[in-house]
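One structure below.
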Amino acid sequence: MSVAENLNKIKSTLPAGVRLVAVSKTKPESDIMEAYNAGHRIFGENHAQEMKQKHADLPADIEWNFIGHLQTNKIKYIVDYVKLIHSIDSASLLQAVNKEAAKHGVVVDCLLQFFIATEETKFGMSLDEARQLLESDEFKAMQNIRICGVMGIGSLTDDKDQTNREFAHLKQIFDTLKADYFAANDEFKEISMGMSGDYQLAIAHGSTMVRVGSSIFGQRYYANK
Ligand SMILES: *Cc1c(COP(=O)(O)O)cnc(C)c1O
């Protein structure tokens with residue numbers, strides 16, 4: 001099936017209120033344009049320089065979502081156009097994004113990434129780390145970021161019970177943070193969870209943004225990513 005067919009098939013299954021981030025990392029701009037011409041605007045990338053190049057080359061109304069581990073020295077490649085950074089995995093990264101955003105005179109929407117998987121290769125905070133961050137004076141002074149919710153990556157496993165537990169855990173983290181820190185804040189509303197293999201389960205657990213790559217664009221050919 002074509003990119004457009006894959007995209008429309010997935011979109012037709014999403015309940016209202018769940019948005020699709022088409023993960024186009026490593027894929028050519030022609031693939032993105034095929035999805036764009038089918039009406040899609042939200043794309044996800046995980047390398048800052050690759051996203052910068054695609055942003056420069058492609059239509060300006062694309063909403064670029066950054067979903068990968070972000071090094072502080074790469075923030076400058078994305079800060080002035082990124083729609084949402086899903087992957088804030090430490091207090092120091094959030095501080096660095098805030099600083100770079102201030103330099104550019106922008107406010108950047110961010111999600112806090114939580115470690116919910118069993119694999120140590122994955123990034124993310126714990127609930128305690130997030131509490132420390134959200135209660136800190138440094139956080140309260142940050143004028144150029146906005147926390148819009150949470151993100152997590154489930155384990156790469158066929159064990160549905162485990163995936164269910166991990167997604168339930170992230171939903172619980174969201175509910176806890178919402179109640180304790182963002183009860184009066186309408187912007188804190190996103191739960192970014194679910195990929196090609198598990199997005200239906202993620203939706204059942206309350207996901208508001210699914211990040212789907214290979215089911216739209218086909219397999220990616222590279223090692224160790
Ligand atoms: C690559 C990636 C995805 C998409 O993965 P697929 O299995 O191809 O759908 C989603 N989220 C993150 C953080 C990714 O790095």
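Position 1 is the first residue of the sequence, and the numbers go up from there. Whatever order the structure lists them in is the order used to number ligands and atoms, beginning at 1.
- At a 3.5 angstrom cut-off on N or O pairs, Ser196 counts as close to ligand 1.
- Between Gln200 and Val210 the shortest side-chain heavy-atom distance does not fall below 4.5 Å.
- With respect to atom 13 (C) of ligand 1, the closest heavy atom belonging to the protein is Ile67 O, 3.5 Å.
- Taken from CE in Met209 to CD in Glu190, the straight-line distance is 5.0 Å, to the nearest 0.5 Å.
- Between Ile153 and ligand 1, not a single N/O pair is under 3.5 Å apart.
- With respect to the salt-bridge test (charged N to carboxylate O, under 4.0 angstrom), the residues Asp180 and Arg131 qualify.
- Close approach of ligand 1 to Gly213 (heavy-atom distance below 4.0 Å) involves ligand atoms 4 (C), 6 (P), 8 (O), 9 (O).
- By the 4.5 Å heavy-atom criterion applied to side chains, Phe43 and Ile32 are counted as neighbours.
- Proximity of Arg220 to ligand 1 is established by a heavy-atom distance of less than 4.0 Å.
- Scanning all heavy atoms of the two residues, the minimum distance from Phe217 to Val23 falls at CD1-O, 3.3 Å.
- Within the 4.0 Å heavy-atom criterion, the part of Lys25 lying near ligand 1 is the side chain and not the backbone.
- Contact atoms of ligand 1 toward Arg211: 4 (C), 9 (O), 10 (C), 11 (N), 12 (C), 13 (C) (distance under 4.0 Å to a heavy atom of the residue).
- Geometrically, Arg41 engages Tyr36 in a cation-pi contact defined by less than 6.0 Å to the ring centre and at most 45° from the axis.
- When hydrogens are left out, the protein atom nearest atom 5 (O) of ligand 1 is Met195 CE, 3.4 Å; that is the closest non-hydrogen contact.
- Using a 4.0 Å cut-off to heavy atoms of Val212, the atoms of ligand 1 that qualify are 9 (O).
- The side-chain heavy atoms of Gln95 and Ser90, taken from C-beta on, include no pair separated by under 4.5 Å.
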